[in-house]
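Inspection log for the structure reproduced underneath, given as structure tokens.
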Amino acid sequence: MTKRIHVAVGIITNSAGEILLAKRPDHLHQGGKWEFPGGKVETGETVTQALIRELKEEVALNVTDSQPFMALSFDYPDKQVLLDIHSVTEFNGIAKGLEGQLIAWVTKTDLTNYDFPEANKPILEKILAQ
């Protein structure tokens, strides 16, 4: 039986309208691809709590407000993911890759130049359609 992983994802947009991306470490599932930062929702956490915790741990940002953006399920051959995506425009701090990962602030038009995991394609389509 494949495992379903519940993931809180942040589409973090700065005041210049750029979106924060993080590169997955090569040794991880979908390693070497770019993604919107976030992480697993732990037992007993809400999506918002998980998003705040993960973005602080991963990219050193303190989220002060977020709005639901979309949710989607995606089945990889080896695992299933449920992505709960939130739009984040209210935060403090300066983004940095606290786990050694590369990060980049990218304009909306440049998003198509990055290699994303398959599960992220519907998110990209929705962002680009706005």
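All residue numbers in this chain count up from 1 along the given sequence. This is a predicted model, so every value here is computed, not measured.
- Lys126 NZ: more than 12 foreign heavy atoms inside a 6.0 Å radius.
- In this structure, Asp84 and His6 have side chains that are in contact, with non-hydrogen atoms separated by less than 4.5 Å.
- The line from CZ of Arg24 to CD of Glu99 is 10.0 Å long, rounded to the nearest 0.5 Å.
- More than 12 heavy-atom neighbours from other residues, nucleotides or ligands sit within 6.0 angstrom of CG on Leu28.
- By the 4.5 Å heavy-atom criterion applied to side chains, Pro37 and Gln101 are not counted as neighbours.
- Criterion: ILVMFWY side-chain heavy atoms under 4.5 Å apart, direct or through other members. Under it, Leu21 and Leu83 are part of a common hydrophobic cluster.
- Ring orientation note: the planes of Trp34 and Tyr114 are nearly perpendicular, at an angle over 60° on the 30°/60° scale.
- Residue Pro68 comes nearest to His86 through the heavy atom pair N-ND1, 3.8 Å, listed as atom of the first residue, atom of the second, then distance.
- Considering CZ of Phe91 and CG of Asn14, their distance stands at 5.5 Å, rounded to 0.5 Å.
- Val63 and Val41 fall into different hydrophobic clusters, where Ile, Leu, Val, Met, Phe, Trp and Tyr are joined by side-chain heavy atoms under 4.5 Å apart, directly or via other members.
- When hydrophobic clusters are built by joining Ile, Leu, Val, Met, Phe, Trp and Tyr residues whose side-chain heavy atoms come closer than 4.5 Å, directly or via intermediates, Ile5 is grouped together with Met70.
- Rounded to the nearest 0.5 angstrom, Ile127 CD1 and Lys108 NZ are separated by 8.0 Å.
- Residues Leu82 and Ser73 share a closest heavy-atom pair of CD1-OG, 3.6 Å.
- Both tests do not hold together for Lys121 against Phe116: distance to the six-membered ring centre under 6.0 Å, angle to the ring axis within 45°.
- Between Ile11 and Ile85, some side-chain heavy-atom pair lies under the 4.5 Å cut-off.
- The two atoms that bring Gln30 and Glu118 nearest to each other are OE1-N, 4.2 Å, heavy atoms only.
- A pairwise comparison of heavy atoms in Ala119 and Leu72 identifies O-CD1, 3.5 Å as the closest pair.
- By the criterion of side-chain heavy atoms lying less than 4.5 angstrom apart, applied directly or through intervening Ile, Leu, Val, Met, Phe, Trp or Tyr residues, Leu98 is not grouped with Trp105; the two fall into different hydrophobic clusters.
- Here the CG-CD1 distance, from Leu111 to Ile19, works out to 5.0 Å after rounding to the nearest 0.5 Å.
- Looking at heavy atoms from C-beta onward, Gln80 lies out of side-chain contact with Phe74 at the 4.5 angstrom threshold.
- In this structure, the side chains of Lys33 and Asp115 come closer than 4.5 Å at one or more pairs of heavy atoms.
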List the steps and the verdict of side chain to side chain contact (heavy atoms under 4.5 Å, CB included) for Leu51 and Ser66. CA-CA 9 Å; Leu51 187 66; Ser66 68; 4.1 Å; yes

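- A donor-acceptor pair shorter than 3.5 Å can be found between the side chains of Asp65 and Gln67.
- Distance CD/Gln49 to CD1/Ile52: 7.5 Å, rounded to 0.5 Å.
- Arg53 has a carboxylate O that lies under 4.0 Å from a charged side-chain N of Glu57, or vice versa, which qualifies the two as a salt bridge.
- Ile123 has its side chain within reach of Phe36: a pair of non-hydrogen atoms, C-beta onward, lies under 4.5 Å apart.
- Looking at heavy atoms from C-beta onward, Ile103 lies in side-chain contact with Val59 at the 4.5 angstrom threshold.
- Within the 4.5 Å cutoff, no side-chain heavy atoms of Thr13 are placed close to those of Val88.
- Linking ILVMFWY residues whenever their side-chain heavy atoms come closer than 4.5 Å, directly or via other members, leaves Val106 and Leu61 in distinct clusters.
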